[in-house]
2 protein chains.
Amino acid sequence: MSDAVLWSALADPHRRAIVALLLERPRSVGEIVQACRLSQPSTSKHLRVLRDAGLVRVRQDAQRRVYALDPAPMAALDAWLAPYRRLWNESLDALGRRLDAVPEDTEEPPPQAQKD
Amino acid sequence: MSDAVLWSALADPHRRAIVALLLERPRSVGEIVQACRLSQPSTSKHLRVLRDAGLVRVRQDAQRRVYALDPAPMAALDAWLAPYRRLWNESLDALGRRLDAVPEDTEEPPPQAQKD
DNA sequence: GGTGTGTATGCCTTGACTGGAATATAACCG
DNA sequence: CGGTTATATTCCAGTCAAGGCATACACACC
């Protein structure tokens with residue numbers, strides 16, 4: 001199994017939202033449904049994808065199922081990213097040197113104020 | 001603009017392959033076509049997606065267009081990943097402790113021999 | 001200007017993925 | 001056992017993205 005499953009699992013914004021929720025703490029399906037404003041079936045399906053990708057694990061608590069993050073696949077992502085890290089470190093260094101060499105008033109505004 | 005574009009751009013395995021190619025060195029479209037075993041139009045379309053996501057930049061060289069990696073968006077990915085890093089570090093620590101506490105012969109085989 | 005190479009775009013078809021509604025399954029409770 | 005809550009699954013329709021093919025565009029060379 002490649003990490004193709006991982007990527008396609010994380011490609012969906014709702015699933016990334018779920019993963020982010022589970023980063024705080026494990027949650028039952030009901031909690032996730034409320035937090036994500038999704039229907040229950042849809043949520044269950046997303047959780048299935050995440051489970052199949054190995055990103056989350058389930059614990060049964062009476063009728064509830066509590067989902068928790070499994071950090072291992074994230075490490076795989078990090079490993080994938082590693083070769084690129086060297087690259088952008090070089091770029092940042094170059095940027096830094098350029099900023100140092102410039103008169104002034106060329107400070108960057110706070111970078112990414114992105115929202116997903 | 002969110003990093004939704006980034007994720008969907010990298011969700012495709014062919015595009016990840018292209019990005020990996022460009023990590024080695026910038027390449028013309030023709031080179032990418034050959035390396036990826038894709039049709040030229042398909043490759044061009046993938047490159048468009050990557051360009052729109054800010055992952056690559058183009059330089060024109062006569063009739064050729066040479067694509068190069070832009071590392072900045074990868075940093076965004078790294079930022080996204082950062083909160084999780086703490087998590088799996090904890091897990092690895094726990095694993096390490098468990099391994100230390102175990103008799104022996106429980107060494108892990110080399111982890112992920114994954115292929116994408 | 002005409003031809004050839006290199007690359008991008010448009011159109012179309014097909015397959016995959018998503019969400020909703022209804023339904024099935026499972027566990028608790030009286 | 002019947003009812004209720006919590007979650008999973010199935011079915012279906014709508015959407016979107018990918019690939020192939022044909023074609024348009026851009027540049028070079030004669």
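Note on naming: letters A, B, ... go to the chains in the order of the sequence lines (proteins, then strands), and numbering restarts at 1 for each one.
Here the side chains of A:Leu22 and A:Glu31 are not in contact, with every heavy-atom distance at 4.5 Å or above. Inter-residue side-chain proximity for A:Trp80 and B:Leu10 is flagged as met; some heavy-atom pair is nearer than 4.5 Å. Residues A:Arg25 and A:Val66 are not in side-chain contact: their nearest non-hydrogen atoms beyond the backbone lie 4.5 Å or more apart.
Without hydrogens or angle criteria, A:Glu24 side chain to A:Leu21 main chain gives no donor-acceptor distance under 3.5 Å. Although no hydrogens or angles enter the test, the distance criterion places a donor-acceptor pair under 3.5 Å between the side chain of A:Arg16 and the main chain of A:Ala11. The closest donor-acceptor contact from the side chain of A:Asp12 to the backbone of A:Arg15 lies under 3.5 Å. In this structure a side-chain-to-backbone donor-acceptor pair under 3.5 Å is missing from A:Arg57 to A:Leu69.
Per the geometry, CZ belonging to B:Arg59 stands 15 Å off P belonging to D:dC27, to the nearest Å. One can place CZ of A:Arg64 at 9 Å from C1' of D:dT5, the figure rounded to the nearest angstrom. Between the CZ atom of A:Arg15 and the C1' atom of C:dG19 there is a distance of 12 Å, rounded to whole Å. One interatomic measurement links the two molecules: CG of A:Asp12 to P of C:dA16, which rounds to 17 Å at whole-angstrom precision.
Proximity of A:Tyr67 to the phosphate of D:dA6: no side-chain N or O atom is located under 4.0 Å from OP1 or OP2.
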List every contact pair, protein side and nucleotides 24-30 of chain C side both N or O, where the distance is under 3.5 Å.
unit_1	atom_1	unit_2	atom_2	d
C:dC28	O4'	A:Gln63	NE2	2.9

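As judged by a 4.0 angstrom heavy-atom cut-off over every strand, A:Ser28 is placed among residues touching the sugar-phosphate backbone only.
A salt bridge does not link A:Arg51 to A:Asp70: none of the charged nitrogens lies less than 4.0 Å from a carboxylate oxygen.
Against DNA chain C, the stretch residues 29-51 of chain A makes heavy-atom approaches under 4.0 Å through A:Ser39, A:Pro41, A:Ser42, A:Lys45, A:His46.
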